Amino acid sequence: MISAQAWADAQRLWDFQLMGHEPRPCSVGIGLGSHDLGVAETTADLYHRGMMPLVVFTGATSRTTRDLMPRGEAEHYRERAVELGVPATAMLVEPQARNTGENIMLSRALLEEQGIDTPSVLLVSKPYEERRAYATARKLWPGTEFVSASASMTLPAYVDSIQDARLVVDMLVGSLQRLLIYPAQGFMITQDVPDGVIRAYERLVSSGFTSRLASRTSARS
């Protein structure tokens with residue numbers, strides 16, 4: 001069981017991660033790989049709304065996705081987007097990235113190899129990864145304008161879609177931790193984190209929602 005306090009704290013982290021950007025047309029969209037095929041579905045919807053002429057799906061596999069997406073996150077995303085009517089000619093696949101930093105760096109390298117100009121990028125992620133993706137991209141891809149997007153969902157609706165409440169809360173905690181520790185390691189820009197969000201994060205850590213915490217001395221994940 002997850003306590004009422006833990007749910008309230010998770011909601012605070014969820015709200016903070018949402019950037020509140022209004023989607024607008026960009027030169028390319030990047031769908032960041034994960035366990036959630038909803039990212040591919042949101043990317044396809046944004047494509048059909050004319051928000052970008054080209055999509056890059058990026059991601060290998062992780063401990064969370066190796067069984068769900070054995071061909072790699074990016075490839076499973078591409079397949080789902082094709083099912084939803086996105087032309088194969090409008091998509092590129094980057095199949096090697098194993099963390100958010102690699103998602104950004106390898107997608108950038110792929111686009112540069114293709115000679116594609118990218119003054120603006122629409123970053124499509126899970127809702128609780130919006131801020132992390134934005135802060136990472138701003139650090140690793142200077143000179144480009146980024147707009148964050150995700151499925152428009154409440155936290156309870158997202159938990160229902162994933163069918164694993166504890167995993168979602170663990171992921172929220174892990175994403176917030178990275179916002180706190182990664183700027184000093186050079187992986188993302190610094191974000192102002194309100195005291196109330198930090199206290200909520202600390203309570204969740206104390207309550208054992210720690211399976212997605214990164215070691216402060218290990219390579220990023």
Side-chain angles (χ1 to χ4, degrees), residues 17 19 21-62 65 69 71-127 129-151 175 178-179 182-183 185-189 191 219-221:
Q17 286 287 351
M19 297 293 295
H21 292 172
E22 186 68 27
R24 63 170 183 79
C26 292
S27 50
V28 66
I30 298 178
L32 303 177
S34 74
H35 62 90
D36 183 2
L37 271 179
V39 175
E41 294 164 0
T42 300
T43 305
D45 176 66
L46 291 165
Y47 173 84
H48 289 307
R49 289 165 56 190
M51 295 298 167
M52 62 282 206
L54 178 69
V55 171
V56 177
F57 287 123
T58 170
T61 58
S62 69
T65 63
M69 302 179 185
R71 293 183 299 283
E73 297 156 7
E75 181 58 29
H76 282 265
Y77 276 21
R78 186 198 67 80
E79 292 169 0
R80 180 59 178 143
V82 167
E83 292 174 352
L84 294 171
V86 179
T89 54
M91 292 183 284
L92 297 173
V93 170
E94 184 294 296
Q96 302 299 322
R98 297 186 180 277
N99 56 57
T100 305
E102 290 184 359
N103 288 143
I104 301 302
M105 291 189 295
L106 296 179
S107 295
R108 178 185 182 183
L110 176 61
L111 290 163
E112 290 175 349
E113 288 169 5
Q114 297 286 325
I116 297 166
D117 191 30
T118 54
S120 59
V121 172
L122 187 58
L123 291 173
V124 188
S125 67
K126 302 181 295 297
E129 292 276 342
E130 276 195 21
R131 190 173 292 275
R132 174 185 177 185
Y134 176 81
T136 303
R138 284 281 310 280
K139 180 69 177 182
L140 301 178
W141 201 340
T144 293
E145 184 176 358
F146 293 97
V147 178
S148 289
S150 65
S175 291
R178 287 159 176 79
L179 288 179
Y182 277 3
Q185 299 178 33
F187 299 151
M188 61 175 65
I189 64 168
Q191 300 271 285
R220 67 172 167 235
S221 61

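The model shown is predicted, which means the values in this text are computed figures rather than measured ones.
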Donor-acceptor check, side chain of [X] to backbone of [Y], threshold 3.5 angstrom: yes or no?
{"X": "Ser27", "Y": "Ser120", "value": "yes"}
{"X": "Arg108", "Y": "Leu140", "value": "yes"}
{"X": "Tyr77", "Y": "Gly72", "value": "no"}
{"X": "Arg24", "Y": "Met51", "value": "no"}
{"X": "His21", "Y": "Ser148", "value": "yes"}

- Might you work through the side chain to side chain contact (heavy atoms under 4.5 Å, CB included) test for Leu32 and Glu129, ending with a clear yes or no? CA-CA 9 Å; Leu32 303 177; Glu129 292 276 342; over 6 Å; no
Atom [atom1] in [X], atom [atom2] in [Y]: separation rounded to 0.5 Å?
{"X": "Asp117", "Y": "Thr144", "atom1": "CG", "atom2": "OG1", "value": "8.5 Å"}
{"X": "Leu106", "Y": "Glu113", "atom1": "CG", "atom2": "CD", "value": "9.5 Å"}
{"X": "Phe187", "Y": "Thr100", "atom1": "CZ", "atom2": "OG1", "value": "11.5 Å"}
{"X": "Trp141", "Y": "Ile30", "atom1": "CH2", "atom2": "CD1", "value": "4.0 Å"}
{"X": "Glu73", "Y": "Asp36", "atom1": "CD", "atom2": "CG", "value": "11.0 Å"}
{"X": "Met188", "Y": "Arg132", "atom1": "CE", "atom2": "CZ", "value": "6.0 Å"}

- Message: The test is side chain to side chain contact (heavy atoms under 4.5 Å, CB included); show your working for Ile104 and Lys139 and say whether it passes.
- Response: CA-CA 10 Å; Ile104 301 302; Lys139 180 69 177 182; over 6 Å; no
- Using only heavy-atom distances, determine whether the side chains of Ser107 and Glu94 contain a donor-acceptor pair under 3.5 Å. no
In a table with atom names and distances, give each donor-acceptor pair under 3.5 Å that connects a side chain of residues 41-49 to protein atoms at least two apart or in another chain.
unit_1: Glu41; atom_1: OE2; unit_2: Arg80; atom_2: NE; d: 3.0
unit_1: Glu41; atom_1: OE2; unit_2: Arg80; atom_2: NH2; d: 3.4
unit_1: Thr42; atom_1: OG1; unit_2: Gly38; atom_2: O; d: 3.0
unit_1: Thr43; atom_1: OG1; unit_2: Val39; atom_2: O; d: 2.7
unit_1: Asp45; atom_1: OD2; unit_2: Arg49; atom_2: NH1; d: 3.4
unit_1: His48; atom_1: NE2; unit_2: Leu84; atom_2: O; d: 2.8

- For Phe57 and Ala81, which heavy atoms make the closest approach, and how far apart are they? CE1-CB, 3.6 Å
- Item | Arg138: partners by salt bridge (Lys or Arg N to Asp or Glu O under 4.0 Å), with sequence neighbours left out | none
- Give the C-alpha distance, both sets of side-chain angles, the deciding distance and a yes or no for side chain to side chain contact (heavy atoms under 4.5 Å, CB included) between Glu102 and Gln96. CA-CA 8 Å; Glu102 290 184 359; Gln96 302 299 322; 6.0 Å; no
- Task: Check Asn103, Leu92, Val93 against Thr58 for a side-chain contact (heavy atoms from CB on, under 4.5 Å) and give me the one that passes.
- Result: Asn103
- Task: Begin with the C-alpha distance, continue with both residues' side-chain angles, and end with the deciding distance and a verdict on side chain to side chain contact (heavy atoms under 4.5 Å, CB included) for Met52 and Val28.
- Result: CA-CA 5 Å; Met52 62 282 206; Val28 66; 5.6 Å; no
